[in-house]
Number of protein chains: 2
Amino acid sequence: MESVLPPSPPLAEIDPRVTQLVNELIGRVADKWTMLILEELTEGGTMRFSAIGRAVPGISQKMLTQTLRQMERDGLLTRTVHPVIPPRVDYRLTDLGLGLAEAFCGVWQWAETHLDRIEASRRDFDQRA
Amino acid sequence: MESVLPPSPPLAEIDPRVTQLVNELIGRVADKWTMLILEELTEGGTMRFSAIGRAVPGISQKMLTQTLRQMERDGLLTRTVHPVIPPRVDYRLTDLGLGLAEAFCGVWQWAETHLDRIEASRRDFDQRA
DNA sequence: CCGCATCCGATCAGATACTG
DNA sequence: CAGTATCTGATCGGATGCGG
C-alpha cells in the first residue's frame, strides 16, 4: 500500500518546514480537549461557556478557557460576548471548525472501532513483559 | 449540519467511559512523533531503528524508542529483532497501524489544505490582541 | 547498532483565590 | 457568569553516559 497518506509526492520532496507546520498544527488540533469541544459544538451548535464546561467531562475551567482561546485564534470557532449582566458568551464553530470535525470523524470512528483490539494488544504486551 | 461525527447516537447516550478511552487513545495516537513515524513506515514498509531515526527530522533517540514501544504495545507495529552482530531491529506496521494511517489521512489533508488560512487567522488574532 | 538509565530544565495542567 | 492570576505537582523531552 503506497499512497495512503496525502496526494503523496515522495516524502523526500516535501518541504520539511511544511511537514513541521502541518505536524505542529495536528498536534495541537488533535489535543484532548480540542477534540472534545469540537465534538460538543458540532452537536450543540451555539453554546455558552458554562454549557461547554458541563458537556465536557473532566475539563477544568482553566483548560476550557485556554483551549477555547486557541481554537478561536486558529479560526475554528467564533466567540461572541453579549454585554449583559450577568455576562453571556457564546461559542460557535466556523466552517473551518466544522470541516476539521468532519476530518476527524474517520479517526474517531477508527478509535471507537479498534478500541477493544488495542486494549487486548496492550494486555498481551504487558503480560509478556 | 448534524451528524458529522460518528454514527452519532445523541451524545448523552454515549458511555462516558468509552468517550474517555477513545479520547485517551486518540490523544496518544495523535501524538507528534507517533504521527511522523506512522507516516514514514507507511511509505517505507519495513524499516530499521536507525532508518526511522534518520527519516524523522528532530526526534531524539529516547523519544524514538519510547514511541516505537508504545506503538508496538498498541499493536500498531511489529518489532523484529535479528540475532546478529551488530544488532538489527526491523519495524513494520500491522494492519491496524496501516488502518490508523489511513484514518489520519483526512486530518493530514485538512491540515495541509487549511494551513494558510489558519496562519492568517492567527496573525489576525494576535494583531487585535 | 540498538537501547536503557539518569539527570535536569521546560512545559502542562489542576486547585485555589480573586474580579467586572 | 465568565473569566484572570498565581502556585504547585506531574509529565515531557533533550542530553549524556553506559551496556549487550
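Note that the structure is a prediction, hence the values are computed from the model and not measured.
Here the straight-line distance linking atom CZ of B/R92 with atom CG of B/D90 works out to 9.5 Å at 0.5 Å rounding. We find the CG-CG distance between A/L93 and A/L38 to be 5.5 Å, quoted to the nearest 0.5 Å. Distance check: B/D31 CG to B/I37 CD1 gives 8.5 Å after rounding to the nearest 0.5 Å. With rounding to the nearest 0.5 angstrom, the CD atom of A/E39 is 7.5 Å from the OG1 atom of A/T42.
Regarding contacts with the backbone of D/dT4, a side-chain N or O of A/R69 is found under 4.0 angstrom from either OP1 or OP2. Note on B/Y91: a side-chain N or O is less than 4.0 Å away from OP1 or OP2 of C/dG3. Side-chain nitrogen and oxygen atoms of B/R88 include none within less than 4.0 Å of the OP1 or OP2 phosphate oxygen of C/dC2. Applying the 4.0 Å criterion to OP1 and OP2 of D/dA2, one finds that A/R79 has every side-chain N and O outside that range. Within the structure, every side-chain polar atom (N or O) of B/R48 is placed at least 4.0 Å from both OP1 and OP2 of C/dC1. For the OP1/OP2 pair of D/dG3 and a distance below 4.0 Å, the side-chain nitrogens and oxygens of A/T65 include no atom meeting the criterion.
In the hydrophobic cluster analysis, where Ile, Leu, Val, Met, Phe, Trp and Tyr join through side-chain heavy atoms closer than 4.5 angstrom, A/L77 is grouped apart from B/F125. B/M71 and B/L98 fall within a single hydrophobic cluster, where Ile, Leu, Val, Met, Phe, Trp and Tyr side chains are chained together by heavy-atom contacts under 4.5 Å.
Rounded to a whole Å, the CG atom of B/L64 is 14 Å from the C1' atom of D/dG14. Atom CG in A/L68 sits roughly 16 Å away from atom P in D/dC1 (whole-Å rounding). Rounding to whole angstrom units, CE of residue B/M47 and C1' of C/dC2 are separated by 15 Å.
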Every protein N/O lying under 3.5 Å from an N/O of nucleotides 9-15 of chain C:
from	atom 1	to	atom 2	distance (Å)
C/dA13	N7	A/K62	NZ	3.0
C/dG14	OP2	A/S60	OG	3.1
C/dG14	O6	A/K62	NZ	2.5

Short heteroatom pairs, N/O only, protein and nucleotides 17-20 of chain D, under 3.5 Å:
none

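When the C1' atoms of four end pairs are superposed on the next four at each end of the helix from C/dC1-D/dG20 to C/dG20-D/dC1, using five pairs per end, the two resulting axes differ in direction by 40°, to 10°.
In this structure, the side chain of A/T67 does not engage the main chain of A/T34 through any donor-acceptor pair within 3.5 Å. Of the possible donor and acceptor atoms, one in the side chain of B/S121 sits under 3.5 Å from a partner among the backbone N and O of A/R73. Judged purely by atom type and a 3.5 angstrom limit, A/D74 has no side-chain atom pairing as donor or acceptor with the backbone of A/L76.
In this structure, the side chains of B/E72 and B/Y91 stay at 4.5 Å or more apart for every pair of heavy atoms.
Surrounding CG of A/D95 are at most 12 heavy atoms belonging to other residues, nucleotides or ligands under 6.0 Å away.
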